[in-house]
Structures are given as structure tokens and as C-alpha cells.
There are 2 protein chains.
Amino acid sequence: MAVRPRLTTVKVVDAALELIDEQGVEGLTLAAVAARTGVATPSLYKHVASLAELRGHVGVRVLEEMTDRFTHTVLGLAGDKAVEALMHAYRAYVRQHPKRYAAMPMDPLHDELQQAAGMKLIEVMLATLRGYGLEGSAAVHATRRLRVLVHGFASIESGGGFGLPEGLDDTYDQLVRMYLTDLRGQS
Amino acid sequence: MAVRPRLTTVKVVDAALELIDEQGVEGLTLAAVAARTGVATPSLYKHVASLAELRGHVGVRVLEEMTDRFTHTVLGLAGDKAVEALMHAYRAYVRQHPKRYAAMPMDPLHDELQQAAGMKLIEVMLATLRGYGLEGSAAVHATRRLRVLVHGFASIESGGGFGLPEGLDDTYDQLVRMYLTDLRGQS
DNA sequence: GCTCAAAAGCTAATGCCATTAGCCTCGGTT
DNA sequence: AACCGAGGCTAATGGCATTAGCTTTTGAGC
């Protein structure tokens with residue numbers, strides 16, 4: 001019966017992500033989201049508790065997007081092939097959404113709202129390392145090292161931190177190889 | 001003749017760094033700096049062009065601090081000893097000033113004001129790798145890999161991104177060893 | 001010591017943004 | 001047919017950056 005299209009939290013977050021893609025995280029403002037969704041700023045509070053909470057929702061979405069993509073990427077692969085695919089998928093995501101990556105929470109596990117999403121992302125990495133026969137804490141360390149590599153590179157690249165873009169593919173390949181070699185040595 | 005202590009750009013940046021150490025980068029506000037230096041907000045414009053420029057100065061200071069410390073750290077060392085010392089000094093700096101580290105510009109080379117400071121920091125890393133016999137672009141790649149490792153870890157640790165602080169020293173030692181092994185393989 | 005110009009500070013005003021309070025309206029429920 | 005709650009709106013508040021224009025101080029030169 002043709003209900004007038006109404007705003008929902010999901011649509012608000014959609015608009016927020018568009019804004020971030022276009023203008024970066026600093027561009028995420030309730031006023032801008034309101035303008036984009038065709039609503040007065042205070043109306044957003046019916047869907048979101050505050051700007052801080054909206055940022056939280058955005059963080060969850062980014063984590064979920066990444067988890068989804070990496071899960072599909074790694075499905076059916078194992079060992080070095082899986083790790084390689086995961087690392088390349090990580091970089092590909094960040095290149096596709098450089099601004100959005102900056103909205104990924106660094107500490108999802110310390111936020112009620114983001115905890116579940118953060119855990120799932122880590123678990124994808126952990127699962128990808130299954131098969132290397134890593135015992136308990138060794139698996140944790142290996143996952144951490146992996147995170148350090150992919151996040152370190154992604155963070156610098158998306159921030160324009162490498163002077164010249166020249167040879168970045170090579171640098172990344174070397175990082176992948178370094179990690180795989182390292183895994184072999186630990187096993 | 002006892003000149004009444006006047007504000008200078010340097011003192012403004014000092015206050016900005018204190019503020020950042022206490023409240024994080026979001027806490028850096030001209031109003032807060034003014035309060036801390038005992039001056040009305042608009043007066044700051046006599047020493048700094050804008051909040052953005054102040055952030056730029058802060059970034060330079062952080063880069064310079066790091067460069068100084070790392071330079072002293074690796075002086076007189078070479079090879080694995082030097083790399084190890086540099087990596088540990090990097091982490092130590094970030095642990096000492098976790099909030100401040102977030103004020104380090106990711107792309108100093110693209111900012112007129114920060115370019116020189118950024119270059120010097122990179123050069124310390126590059127120089128530390130001297131002696132591994134890396135030819136031209138191999139040295140660039142090796143420096144990039146080093147940056148990825150130290151920044152990746154520092155960024156996650158200072159952001160509270162590792163679920164538990166447990167075993168972080170071990171994780172870092174493993175990263176150091178991984179990098180040294182990698183360097184050996186490349187040489 | 002005196003004058004004066006520039007440096008460094010101040011107040012007032014503007015505009016943007018987040019947030020809160022309180023009102024209005026529609027659509028579905030009873 | 002009356003009602004009620006969700007979702008929107010306007011108005012108001014307070015923080016912050018920034019600009020304009022005025023005042024005071026200081027130090028240089030006489």
C-alpha cells in the first residue's frame with residue numbers, strides 16, 4: 001500500500017559510507033548525511049543516537065564487508081594459496097575503498113557494538129592459517145603477524161605514505177613471500 | 001630586562017603536544033591550546049595560521065623526535081644489531097607516546113612543511129640497512145618492508161587493536177626475527 | 001627619556017556543527 | 001471514529017574555528 005519511503009538506520013549508514021568514500025572520514029557529519037538523505041539534521045536522531053554511534057555503525061559495516069570478501073576469497077583454498085589470496089584481497093579492498101578503510105575501527109574488540117564483527121574478521125585470518133599446524137599461542141602470534149603486515153601496508157598505502165607508487169606491487173609481493181617463508185619456519 | 005614571557009609558535013606546539021598526550025588527537029583544539037597557554041583563542045592566530053597548520057607543526061615535531069631518538073639508538077651499530085635496535089626503539093617511542101603517534105603524518109612527503117622531516121626519518125631507516133649490500137631498488141623495498149612492520153605493529157598496539165596485551169613482546173620479537181631472516185634471504 | 005610603528009593580545013561577530021526540547025502529522029490499531 | 005506512536009520538523013543552545021578591527025606593549029632609534 002505504498003508506504004512513503006522512510007529513513008532507516010541502514011540507509012543512514014549507507015549515506016555515511018558514500019560520504020566517507022567521497023570526502024574521507026572528516027567529511028562524515030550529521031549535517032551532510034541529513035542533506036544527502038533529504039531530511040533535517042535532528043531527524044537523524046530518530047535512527048542513530050549520535051555522531052559517535054553512527055561512526056560505530058560505519059565501522060561495523062566496514063568490518064563486515066571485509067569479512068565477507070575475504071571469506072569468499074579464501075573458500076576452497078588452503079595453505080600458501082589461501083594466505084596469498086587473503087593478503088591480496090586485503091590490499092585490493094583497501095585500494096578500492098581507501099577512505100573507507102580509515103573508518104575501520106582499530107580496536108573493534110573493545111566496543112560492544114563492533115565486537116562481533118571484529119571477531120569474525122580475525123577468525124577468517126585464523127582459519128586461513130589452519131593447516132600450518134600451529135599450536136595455540138603460535139596461531140595467535142601468526143595471526144598477529146599477518147595483521148601487522150596487511151594493515152601496515154594498507155594503512156601506509158591508503159594514506160599516500162609511500163613516496164612514489166612505483167614498485168608497490170613488488171614490495172607487497174615481497175611481504176607476502178616474507179610471511180610465507182616465516183610461516184614455514186615456524187611450523 | 002625581564003621581558004614578559006611571550007607566546008611563540010614553539011610554545012604553542014608544545015602545548016598542542018601536551019594536549020594530544022593527555023586527550024588524544026581529537027583533543028587538539030585551538031580553544032584548548034589557548035586555555036592552556038593562558039591566552040584568548042584568536043590570539044593564537046598570531047603564531048599559527050590555522051588549526052590545520054598547527055597539526056602540521058605537530059606532525060613535524062613528532063617526526064623530528066622519532067628521527068632524533070632512532071639516530072642516537074643506531075649510532076655505532078650495524079647489521080642485525082642495528083636493525084633490531086631500531087625496531088625496538090620504534091616500538092618504545094610509540095609505547096611512550098601512544099596518542100602522539102597518531103599525530104604522525106602518514107604522508108609527510110606530500111606536505112611542504114613536513115617533507116624534510118619525513119625524509120630524514122626514512123633516511124635513518126635506509127642508513128640502518130646499509131651494509132646489507134642492497135642495490136638501489138632493493139634498498140627501497142627493504143625500507144618499505146621495515147616501515148610496514150614497525151608501523152603496522154605500532155599502529156595496532158597504540159590503537160588497542162590487539163585483544164589482549166598478553167605476549168605482545170613475543171609477537172614483536174617474532175616480527176623482528178622474520179624481518180632479519182628476510183633480509184638475509186634478499187642479500 | 002620620548003616617539004612611534006609593529007607585534008601580540010583582546011573583544012565582538014559570523015557561521016558551521018552537534019545536540020536537545022517540544023510540536024505536528026500521518027498511518028495503522030483498536 | 002478516536003488514538004497513539006513513529007518519524008519528521010523548527011527553534012534554541014553551546015562549542016569551535018575563523019575574521020575584523022581595536023588596544024596595548026615593547027623595543028628601536030633619536
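All values derive from a computational prediction rather than experimental measurement. Lettering of chains follows the sequences in order, A, B, ..., and the numbering in each one begins at 1.
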Mind calculating the distance between NZ (A:Lys11) and C1' (D:dG7) to the nearest angstrom? 13 Å
Nearest atoms (heavy-atom pairs only) where B:Val60 meets B:Leu113: CG2-O, 3.5 Å
With A:Asp21, the salt bridge (charged side-chain N to carboxylate O under 4.0 Å, His left out) member among A:Arg61, A:Lys99, A:Arg100: A:Arg100
Please report the distance, rounded to the nearest Å, between CZ in A:Arg6 and P in D:dG5. 15 Å
Select from B:Ser43 and A:Lys46 the residue whose nearest nucleotide in DNA chain C is closer to the 5' end of that strand. B:Ser43
In whole angstrom, what separates A:His47's NE2 from D:dC9's C1'? 13 Å
Cation-pi, B:Tyr172 ring and B:Arg91 (6.0 angstrom, 45 degrees): yes
Separation of A:Glu26 atom CD from C:dC17 atom P, in whole Å? 13 Å
Could you give the CG-to-C1' distance, from B:Leu7 to C:dC10, as a whole number of Å? 14 Å
Can you check nucleotides 15-19 of chain D for protein contacts, nitrogen or oxygen pairs under 3.5 Å, and list what you find?
residue	atom	partner	partner atom	Å
D:dC16	O3'	B:Thr29	OG1	2.9
D:dA17	OP1	B:Thr29	OG1	2.8
D:dA17	OP1	B:Leu30	N	2.8
D:dA17	OP2	B:Thr29	OG1	3.3
D:dA17	OP2	B:Leu30	N	3.3
D:dA17	OP2	B:Ala31	N	2.9
D:dT18	OP2	B:Tyr45	OH	2.7
D:dT18	OP2	B:Leu51	N	2.9
D:dT18	O5'	B:Tyr45	OH	3.1

Aromatic rings B:Tyr90 and B:Phe70: how do their planes relate, parallel, tilted or perpendicular, breaks at 30° and 60°? parallel
Please identify which of these residues, B:Arg145, B:Arg147, B:Arg144, meets the side chain to side chain donor-acceptor pair (under 3.5 Å) condition with A:Thr171. B:Arg144
All pairs passing salt bridge (Lys or Arg N to Asp or Glu O under 4.0 Å) where residues 33-59 of chain A contributes a residue, at least two apart: A:Glu18-A:Arg36, A:Glu22-A:Arg36
